[in-house]
Each structure stands twice: as structure tokens, then as C-alpha cells.
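Comments concern the structure below.
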Protein chains: 2
Amino acid sequence: MDVARAAEVHASTASRALNPETRGVVSDETVARVLQVAKELGYRPHPLARGLRTARSLTVGIVVPDLENPLFPPLVRGAEAALGEQGYTLLIGNTDNDAERTRTVVATLAERRVDGLILATTELGGETVAIARDLGIEVVLVNRETSDGSASAIVGDDHLGIGLAIDHLVGLGHTRIGHVAGPARLSTGVGRAVAFRDHLARHGLVADGMVETADWFQVEPGLQAAATLIERVPELTAIVAANDLLAIGALRALREAGLRVPDDVSLTGYNDMPFVDVLQPPLTTVSVPYREMGRLAAQMLLRRLQGQDGEAETVRLPPTLSVRASTAAPR
Amino acid sequence: MDVARAAEVHASTASRALNPETRGVVSDETVARVLQVAKELGYRPHPLARGLRTARSLTVGIVVPDLENPLFPPLVRGAEAALGEQGYTLLIGNTDNDAERTRTVVATLAERRVDGLILATTELGGETVAIARDLGIEVVLVNRETSDGSASAIVGDDHLGIGLAIDHLVGLGHTRIGHVAGPARLSTGVGRAVAFRDHLARHGLVADGMVETADWFQVEPGLQAAATLIERVPELTAIVAANDLLAIGALRALREAGLRVPDDVSLTGYNDMPFVDVLQPPLTTVSVPYREMGRLAAQMLLRRLQGQDGEAETVRLPPTLSVRASTAAPR
DNA sequence: CTGAAAGCGCTAACAC
DNA sequence: GTGTTAGCGCTTTCAG
């Protein structure tokens, strides 16, 4: 260590002076000299060497199924910002929704000795979580949770979000409200469908026969499901879609059926994806604070890494409703 | 190294057997035994230790201005895929378009000893490139280039892309074509405006007075610029927007002016952002292969890291035209 | 073809 | 408060 030589101290003393944690042990004078010299020499610590010694890489991995799905970038961005503040760097892995790739990606990140892992993958048993745990890697889930709640998670409060949409529609006077649900194998699909039924019941409305399930969170399945729904229940005046892509599909189905939005049928989405505000009509949708979720997930992970392990906790962030022009009072 | 012990060879022999590059030096029999044992023991090499010794981290950083801009995720994803295939991992840094943050992010990644850097930041002198070079880090630019062409870059061929849009419109019979240009301080803004003039000239059409510049690649500035343009040139029958957001703004401006798309005025965008195909009308736009660009940037970087430095080269990828319903023959 | 020895840059345990 | 010593896990000379 050339800094040590230049400051005329031993390498270990220099190391202690450079590290805020151990700095207290060194005399103020020495600390000052070392820092001074380090600055002059433009000293940059070598994280690989440090990591080799301390078994901590100051590195966190984030695993997403599909970065091109507009839901994930804000998550990644929020996490990156929070981690950067604490001197951590973010490694990214994309799994293409493939279980096999998920395993490889997690294995790669584990091999890289990430200190922690933020998992945003969708269809994933507790399996991956267990693997990570075995390797001694802290895990925080984001936008999903394990069924047994054994892992810490940051999720949006879907029950509340669907409630916002329904309250809004009921407030406008709608009583025949349908739901284009997401796939039953995804927790978001099921959860929102359950919430839909709960909230209708709360308002004394019937949900039977008002739900049609799309088998994928995509435009085309949304179109299909919505078409089936409006054919079966022609008297409905509003549709709550389980996400924005399904809503876009529903919008098309309605248009193809000769129905106008919102004049004939009101429509709501979920997620507030970029540019749903420029659709025709601009979509009323539930806005989920994804960036904040990424941020919180990172912070929770860091807290756990800094020792305060404690119980696994699940934070459920409240969404808000972005009211736009796709909803109106029924005729 | 427990693998070595179990295989009853020296650690260095095991190391040689495990490394494909040096494997030839070891007897086939020994190689087989070591690989066998390594497999049984589930041996995973420790990249930090290796990196410490070899001064290579098998890590690449990507710097983007704003991951939430839909242009960047495909870039990152393409890069991640290509790097993963070669055993490299991707570190991500977001700069919020801030020069100061760009410096810190690059510094952090450099400190992490990334082997190479993919830079997708927009407004950036050769400064960052120079810094990285000084630190001995290979750099490849993506979606931008330095003015002097000193750094390797993968970019879209904007001149060709604008040509596709104009040829399409001219082919439909349009002769009075306007341009909503992007900001003059961005290379994409200027480049596309120049291309617009070139291609009109090629078709013997006049560009004078047909260009209006938006001062930001956003919906609102697009609306303003388009409004000004159609007021000044009411006889125009088509607008080429310099990007999709500007096109969405133009769509609104046209609608507000009581003009229908494509009946009264045809409209084209640029980038083929997610969901412009679900606009009303679906937008005809120039589709840029961003994922492919990310992929190529990563591959070019890897090639340079593997020694074949050579000259800096700029690859200009041809875009394609996605013809949708926002363009039609003039009345 | 294989073993021995050294060292990448840093930090932790142990002296003094 | 500071120096000494050792070692993280791996690769790379250098011998033999």
C-alpha cells in the first residue's frame, strides 16, 4: 500500500485510518496525515481485495423477469438509488420469466458473492428464496411475496387498490361492474380478483358471473376475456381490469363491440404504466409507487445486512387512483 | 482448495485443469479427475479472488440516464443477455441526466474495477470517455457517439430511419410534409432534422418553413411545436415527428385543431416505443432495434476486452418502418 | 506434466 | 496507538 509508505505508517494503520469504523482507534494526527496522503495520491480502495478478506462484496443483485415490462424499471431505479447512497452497487439479472434462467441468474449472482438479493420475479416458489438462504444471502422480495410470509417483502396493497377503483365507479353510480382478471397462477391475478369480489360485496353488489380471466397479463388475452365478458353480460356499465395491458385489450374489445368508453362502458386499469395517460381516452388507473417500492426494498435489505436481522416483515404500500377520462357516470 | 486435495493434486494443477485456457498443459487423465471431483463437490470459483489475482473482474458497467425512459430497458436487457453468455455480469448505474451524478456513477463503477463500460448517457462530452480510458477501462457507446468518433459506438441510423418515413409518405402521395424536430442540443434532434431536409430535397420537395423545433423530447413540447407548425402551414398533409413522444403531442395538437389523423393529416413517430401500437390511431413509426444495439455493444466490448483492440469503430444499425394506421394517402 | 512458492490488496487478530 | 503476522482463494511464475 503506497499510501502507507508515503504517510510513513504501517499498511494496517493506514487501513484503520481509512475505514470510518476503525478510525477511532488511530490517533487524530495519524488519521489526518493518512487521509491527506490518500487524497493526494488519489487512492481508491480495491473492493475485490477487501471483499476477499471481509467476505462482503458491498454488492446487491436484483432479479427481474423482464426489464422491458414497464413495471420493473422504476423498481430497479429506486433500488439503485437507495443502494448507491450506502456505497453498494447493483448487479442486474433478467430471467425472461424462465424458471431455468432464474436458477442460473441467481446462481451467477450468488457466485459473485452478492451480499443480498432483491427478487422481483413472479412465478417462483419459495425455492429460490431457500437457495439464497442456504448460501447465506439475505433476500427481500419486491412486488411479490411467498405464500408463507417467511421472506421479507415490499408489495403494493392490491386489495386497497382495487377498492379505490370500485369505490370510484360505485361513486359514479355504476352497479353492474365486471372484472377482467389476471392469470390464476399469479398472486396478483388471484389477489385482485378476490379483492374485486370483496369490494363488490361490501357495496352489496353481485360478482357472480361478472369475472372473466385472461390467461396472461397482455393486450390480446385482455381483449379475448373482455369480449367474452361483454357478450355474456351485455348490461354491464363498467369494467375493472386487473392491469393496464388487460385494460387496453378491453378497450379494443369494447370498441369492436361498438361500445364507447366511457359513454357506454367505463374502464379502469391497474399500474399506471407510462403513456396510458395518452391513450384515447386517457385511462383511469390505479397508480402503484414502484420506484418507492424499489427504494424501500433496498433499504430493508441494507438494514438486514447491517445486522438487524429480526423477523421477516411484509410492507404493503398503498396505491392511489389516477382518475382520467375512461370513467364517467353510467347513462 | 478442497477440490485439489480430494483429487490428490496440487492446488495449482487443479486450477490449471479447471481453466479451459490452461487445460492443455495438464494430462487428460488428471483433467478428468479434477473436473469430476469439482463437480461432485459442487465447486464454484470465487470471482473476487480470481479478479484480485488476474486484475479482471469479469464485470461490465452500463450507465444510463434514465432507466424509466422506455428506450433504455431493451438496451440494458440486450447487453445483459450478451454478457451473461460470456460469464460477465452487468452492473447498472442511473444518472438522472445529471453531469455530476454521471461522474460519481462512472467513478463508482471504475472503483469496482469493471473491465468495461457501456455508456448510454446522452449529453456527455468526450470527457467521461477520457476518464474511463485513463483508468484503463474499455468503453463502448450505445445510442450516441462522440463528435470525433474516437470511441467505438453502436447507434441507430437516423438518416436512414427518417428516410423510411419520408419515402413512405411520399409514396402515399404527400408533398407538403412538416417536421416536429427534437431539441437542437441533442445529436438525435439535430441529426433527424438534417435528415429530414436531405430526404425532402432528394424528392424535390421544399423543407423551408416546414420545421418546428420542440425544446424537449416530451409530449407537451411536441404539442406546442406541432400547434405552431400547423398554424403556420395549414396546407400540410403530413408530419414527421422526431420521436414518439413528440408524435403523441402532435396528435393532440392536430385533434385540438379539429384535424383528423390520418384523414386530414398523416403522422409518423420515431422509436416504436411500447404501446404506440395501441394509440388511437396506432402510430406509424420508425422502429429502432434497441435490444440488438445493447447486444452488439456488449459483444463489441467483449471483443475489445479479449485483446482485439484495434480501431474504434461505429456501427450504424438500420431501423425499420412499422406502418400502422396514422398514415394514409392525402385527400 | 506437475509441484512449490509467491503474491494480488486488503483487513483482522495478536502483540507490544 | 501502532506494528507484526497471517491469510482470504485463486493464478502464475519458476523449478524440476
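Treat the numbers as computed from the prediction; the structure is a model and nothing was measured. The chains referred to below are lettered A, B, ... by the order of the sequence lines, with proteins before strands, and numbering in each begins at 1.
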How many angstroms lie between atom CZ of R295(B) and atom CE of M300(B), to the nearest 0.5 angstrom? 14.0 Å
Where each residue is assigned the nucleotide of DNA chain C containing its nearest heavy atom, which of A49(B) and E8(B) is assigned the position nearer the 5′ end? E8(B)
Is it the case that the base of dG3(D) and the side chain of R16(A) share a donor-acceptor contact (distance under 3.5 Å, atom types as modelled)? yes
Axis-to-axis angle across the helix from dC1(C)-dG16(D) to dC16(C)-dG1(D), five pairs each end, nearest 10 degrees, ~ 40°
N/O (side chain, R50(B)) to phosphate O (OP1/OP2, dT11(D)) under 4.0 Å: yes
Salt bridge flag under 4.0 Å for residues R77(B) and E80(B): no
Which ones in residues 20-39 of chain B lie close to DNA chain C, meaning a heavy atom under 4.0 Å from one of its atoms? V25(B), V26(B), S27(B), T30(B)
Test side chain to side chain donor-acceptor pair (under 3.5 Å) applied to T30(B) and S27(B), step by step: CA-CA 5 Å; T30(B) 312; S27(B) 78; 2.6 Å; yes
Checking dG9(D), dT2(C), dT2(D) against the side chain of T13(A) (C-beta onward), the nearest is dT2(D)
Whole angstrom is fine here: how far is it from CZ in R5(A) over to P in dG9(C)? 11 Å
Output all residues satisfying side chain to side chain donor-acceptor pair (under 3.5 Å) with Q36(A), sequence neighbours left out; order by chain, then residue number. E40(A)
Kindly say if H10(B) contacts the phosphate of dA4(C), meaning a side-chain N or O under 4.0 Å from OP1 or OP2. yes
For dG3(D), does either OP1 or OP2 sit under 4.0 Å from a side-chain N or O belonging to S12(A)? no
